[in-house]
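Beneath this line is the structure, given in structure tokens, with notes to follow.
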Amino acid sequence: MVFRIIKILMLSAIAILCLLIVLGNTTDYYTNYHFIEHVMKMDTIFPDSKIHYRAIQEPLIFHLGYILLIALEALMAFSCIKGSMNMIRHVKKSANAFHQSKKWGVVGMGIGILIWFLGFEVIGGEWFAMWQSNTWNGLGSAERILSFLAITLILFYLKEEELFIAEK
């Protein structure tokens, strides 16, 4: 039972993180919009870099990318909340029922991996060379979030044990 509760708490923590990110990105839109803008403009990477041709200068693309990011973060939050609620409802059920209740959580964490690995590490970090910027570099945050997602996802797939409740 303890391991089930730990899984629920970990997924709930991810859900809270996502909610806070979505809240921050929507109530303080331009703070992180400028992050997206500068990463795509590549205006703070090494001046002698030979990949400046990858830069995007179109504000509409910045807004579309940022809105897509916020939408994915909101979908991740929804999935993790739904997963946490399903797991709470099934915490005292059979091992198979509890395992099946984790599906929405896995979907949420999968979305998170797309956001922070594909979005930040691959596209931002490698394509737009975000790693070259001292000012607009989100790789450390992305790695921290990815690490927690990966640990939680691994924990989610450890075999569930049946609960044995002593009969009176």
Side-chain angles (χ1 to χ4, degrees), residues 1-36 39-40 62-128 130-131 136-168:
M1 177 74 92
V2 170
F3 293 113
R4 291 181 180 193
I5 292 170
I6 289 170
K7 291 174 185 181
I8 292 167
L9 291 174
M10 290 178 79
L11 185 60
S12 297
I14 293 168
I16 291 167
L17 171 70
C18 294
L19 284 173
L20 292 174
I21 289 170
V22 170
L23 180 66
N25 286 345
T26 54
T27 60
D28 188 16
Y29 182 87
Y30 282 98
T31 295
N32 283 325
Y33 166 82
H34 292 303
F35 174 85
I36 300 291
V39 168
M40 289 180 161
F62 308 150
H63 284 287
L64 290 175
Y66 189 39
I67 290 167
L68 175 63
L69 176 63
I70 294 169
L72 287 171
E73 291 164 346
L75 183 59
M76 182 182 172
F78 170 82
S79 299
C80 291
I81 291 166
K82 186 168 176 71
S84 296
M85 291 171 30
N86 284 348
M87 290 168 67
I88 290 167
R89 281 195 297 277
H90 290 85
V91 72
K92 292 184 179 179
K93 305 275 171 120
S94 71
N96 187 53
F98 184 74
H99 183 72
Q100 294 299 317
S101 74
K102 296 185 275 184
K103 286 181 180 178
W104 277 100
V106 171
V107 168
M109 288 184 278
I111 294 168
I113 290 168
L114 285 174
I115 292 169
W116 283 285
F117 183 73
L118 180 62
F120 280 77
E121 298 280 344
V122 175
I123 297 171
E126 293 305 319
W127 182 256
F128 291 113
M130 182 169 54
W131 65 271
W136 303 102
N137 186 343
L139 293 176
S141 295
E143 289 165 7
R144 185 178 64 247
I145 293 168
L146 280 168
S147 295
F148 192 77
L149 290 173
I151 290 167
T152 304
L153 198 53
I154 290 167
L155 180 66
F156 260 48
Y157 276 96
L158 293 179
K159 185 179 178 208
E160 296 299 329
E161 298 297 327
E162 289 294 342
L163 296 177
F164 295 101
I165 301 172
E167 294 185 27
K168 293 182 182 181

Carefully, step by step, assess F78 and W104 under the rule side-chain contact (heavy atoms from CB on, under 4.5 Å). CA-CA 9 Å; F78 170 82; W104 277 100; 4.0 Å; yes
Could you tell me if the side chain of [Y] sits less than 4.5 Å from the side chain of [X], heavy atoms only?
X    : Y    : value
K102 : H90  : no
L155 : I151 : no
F3   : L158 : no
V122 : W127 : no
E143 : F120 : no
M76  : I14  : yes
R4   : M87  : no
I145 : I115 : no

How close do [X] and [Y] get, counting heavy atoms only, and between which atoms?
X    : Y    : answer
D28  : T31  : OD2-OG1, 2.6 Å
A142 : E121 : CB-OE2, 3.8 Å
I111 : S79  : CD1-OG, 4.1 Å
C18  : A77  : CB-CB, 3.5 Å

Assess whether atom CZ of F148 is packed by more than 12 heavy atoms of other residues, nucleotides or ligands within 6.0 Å. yes
Of L75, T26, I21, N32, the residue whose pairing with I70 passes side-chain contact (heavy atoms from CB on, under 4.5 Å): T26
Distance check, rounded to the nearest 0.5 Å: [X] atom [atom1] versus [Y] atom [atom2]?
X    : Y    : atom1 : atom2 : answer
M85  : I8   : CE    : CD1   : 12.0 Å
C80  : L11  : SG    : CG    : 4.5 Å
N86  : Q100 : CG    : CD    : 11.0 Å
L146 : F117 : CG    : CZ    : 7.5 Å
I123 : L118 : CD1   : CG    : 4.0 Å
F128 : M40  : CZ    : CE    : 5.0 Å

Any donor-acceptor pair under 3.5 Å linking the side-chain atoms of H63 with those of Y29? yes
Strictly under 6.0 Å, is that where the ring centroids of Y157 and H99 end up? yes
Go through it in stages, so that I can follow the logic: the residues are L69 and I36, the test is side-chain contact (heavy atoms from CB on, under 4.5 Å), and I'd like the CA-CA distance, side-chain angles, deciding distance and then a yes or no. CA-CA 10 Å; L69 176 63; I36 300 291; 4.1 Å; yes
Would you call the rings of Y33 and Y30 parallel, tilted or perpendicular if under 30° counts as parallel and over 60° as perpendicular? perpendicular
